[in-house]
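Read the structure below first, then the notes.
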Amino acid sequence: DGDVPTDGVKNELKVSSFNGSEWNQCGGSLNDGSNTITATGLGSGCMGISALEPVKTFYSYKSGDWGIEESWTLDPAGQAKKGNGVPGAGDRVIILNGVNITAERNGKMCKSLRIDDGGSLVLGTTTGHDFGAVSGQGRLTLASATFPAGNFSAFVASTGGTIEYQ
């Protein structure tokens, strides 16, 4: 996914074709230098570029509920309240050291979730979550028999985090 700018927003561009009902990614490459975007190496049927919504990276700001703005910032250090909103399905989420985020409602979603060492996400009995690619060395706590959706392979690796059932 590349680097994320300091403002926490990254525009993602893909070389794609539309077949009348869906977009399909092609094998071309993009050059966005000088505020000009050009597509090269397009395969058969590839005719354009699709711009997706900006991807935001939300960092934990202070301990609290996932669903309230006061818990989140776009500041990578987590020191200053910057930006508004709460993470959504297309966003990256990083829970920083020393911060405890709780999910007081079902259905929390994000593109990726990283729980840093010393950080924690407490799901309690809530369900229906999808956290995409999950990594980090922090703690995930749940009290439900339903495990959240996502790719937890990095999180459960020997250098990964801790899953705690209550």
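All heavy atoms count here, side chains included; hydrogens, waters and symmetry mates do not. Nothing here was measured: the structure is a model prediction, and the numbers come from that model.
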Any side-chain heavy atom of [X] within less than 4.5 Å of one from [Y]?
X    : Y    : result
V86  : E69  : yes
L123 : F131 : yes
W66  : S71  : no
P148 : V134 : no

Any side-chain to backbone donor/acceptor pair from [X] onto [Y]? Under 3.5 Å, distance only.
X    : Y    : answer
S112 : R92  : no
N106 : G128 : no
S63  : N100 : yes

Kindly give the heavy-atom pair with the smallest separation between [X] and [Y], and that separation in Å.
X    : Y    : answer
I163 : F155 : CG1-CE2, 3.7 Å
D116 : I94  : OD2-CG2, 4.0 Å
D65  : E104 : OD1-N, 3.0 Å
V55  : K111 : CG2-NZ, 4.2 Å
L74  : P76  : O-CD, 3.3 Å

Quick one: [atom1] on [X] to [atom2] on [Y], what's the gap to the nearest 0.5 Å?
X    : Y    : atom1 : atom2 : answer
T102 : K108 : OG1   : NZ    : 9.5 Å
D130 : N151 : CG    : CG    : 10.5 Å
M109 : H129 : CE    : NE2   : 9.5 Å
S135 : L113 : OG    : CG    : 7.0 Å
Y59  : T73  : OH    : OG1   : 9.5 Å
L140 : T162 : CG    : OG1   : 9.5 Å

- Mutual orientation of the aromatic rings belonging to F58 and W72 [parallel < 30°, tilted 30-60°, perpendicular > 60°]: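 Geometry flag for W72 against F58: perpendicular rings.
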- So if you build clusters from Ile, Leu, Val, Met, Phe, Trp, Tyr with side-chain heavy-atom gaps below 4.5 Å, do L121 and L142 land together? yes
- Task: Under the side chain to side chain contact (heavy atoms under 4.5 Å, CB included) rule, collect the residues that match up with T146, sequence neighbours excluded.
- Result: T127, S144
